[in-house]
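Taking it in order: structure first as structure tokens, then the write-up.
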Amino acid sequence: MSKTIKESEKSLTTQHFRAGFVTVIGRPNVGKSTLINSLLGQKVAAVSPKAQTTRRQQLGILTSESAQVIFVDTPGIHNPRTKLGEVLNQQAESSIEGMDAILWIVDVSSEPTDDDRRIADLLGKLKRRSTLLLGLNKIDLVSPDQLPAKSSAYVDLVKRATALPISATRGDGKDELLKALIYHMPERDAEYPEDQITDLFEREIAADLIREACLHHLRDEVPHGVNVRIDQFTERNETTAYIHATIFVERESQKGIAIGENGAMLKKIGSSARQQIEEMSGRKIFLELRVKVAKDWRDDEAMLNQFGYKMEKKKKK
Ligand code: GDP
Ligand code: MG
């Protein structure tokens, strides 16, 4: 347990556990990844997000004795291949609606750009008034006498936000930011087991998407008796990942259907699953699938554990 987290929690007036989702938004290069890595670095190594995990929807989970803060990405918002404006209009609005807090990171050493103004517009349009924190990052690059003017250029864009000057690289303001985030998390049980690693999350989504593709293509022929296990999830580099997964069906006859003539059905399933996973993770995916028969997996505890159904039990009280 890190001292800093403990100290920041002393001020909480309640003993109840707090947990919630924080969406982190901001244009590229403002320091989102640096900040989150640094915040998570305060906690146990079990969380330890690798640099590449920050590209994805789930940025990291910070669990302390009395709070869990789950940092999530806004899908597509940081993807250089999508035009920020379009993405903001299409999906970001719905994806940040319903978050417990929104953390907007800006680079206070530079002037606001059109992208910043678009983000401000989006935040202004939110129906639900989620907690809004403005992280004025890179204060180490700004001289103290310039800071008020530089800051207000951003503060003026979102007047209702709580603004916090920080330096993700140097660590200034980190404790205050964390304290503010925890303070705004609702009283709630932990969403994830304490030792949940960020990687698992993407694996689970990938498994779900493969399962969805199976159900879509196989329709009524293999009803519900499909499960998916991710055998390997390797990140080749920042933009590419390799996934090997096994589709489990309950009967030999279903295996034939799932594979299809000359593997045609499995190809179809793989192709749509791959597209979905690429969309979710924002990178190129190499997907390899195989089909196996696992009789009665739904009644088999060991199988269920293998498929990840054990997680529920591990939740904090
Ligand atoms: P992201 O695209 O928003 O995730 O930004 P990154 O975290 O990748 O950071 C972009 C660059 O800004 C990197 O070179 C960081 O080292 C740098 N950076 C991030 N935070 C700070 C900061 O507080 N001060 C300074 N001087 N540089 C920073
Ligand atoms: Mg980043």
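All ligand and atom numbering here is 1-based and tracks the order in the structure. Bear in mind the structure is a predicted one, so any value in this text is a computation, not a measurement.
Other residues, nucleotides and ligands contribute only 12 or fewer heavy atoms inside 6.0 Å of the CD atom of E261.
Of the heavy atoms in T34, both backbone and side-chain atoms come closer than 4.0 Å to ligand 1. By the criterion of a heavy-atom distance under 4.0 Å, both the backbone and the side chain of V30 are placed next to ligand 1.
At least one N/O-N/O distance between K138 and ligand 1 falls below 3.5 Å. Ligand 1 has no N or O atom lying under 3.5 Å from any N or O atom of I166, backbone or side chain. At a 3.5 angstrom cut-off on N or O pairs, L35 does not count as close to ligand 1. Residue I139 has no nitrogen or oxygen atom sitting less than 3.5 Å from a nitrogen or oxygen atom of ligand 1, judged on distance alone.
Between D121 and R118 there is no salt bridge, since none of the side-chain N atoms of the basic residue sits less than 4.0 Å from a carboxylate O of the acidic one.
Side chain of D172 to backbone of P165: no donor-acceptor contact under 3.5 angstrom is found. A distance-only check finds a donor-acceptor pair linking the side chain of S152 to the backbone of P148 [under 3.5 Å].
Listed by chain and residue number, nothing satisfies the salt bridge (charged side-chain N to carboxylate O under 4.0 Å, His left out) test with D145 (two or more places apart in sequence, or in another chain).
Side-chain contact check for S109 versus K150: every heavy-atom pair is 4.5 Å or farther apart.
Annotation for ligand 1: atoms under 4.0 Å from non-hydrogen atoms of L141 are 26 (N). The distance from ligand 1 to the heavy atoms of N29 drops below 4.0 Å at these ligand atoms: 1 (P), 2 (O), 3 (O), 5 (O), 10 (C), 12 (O).
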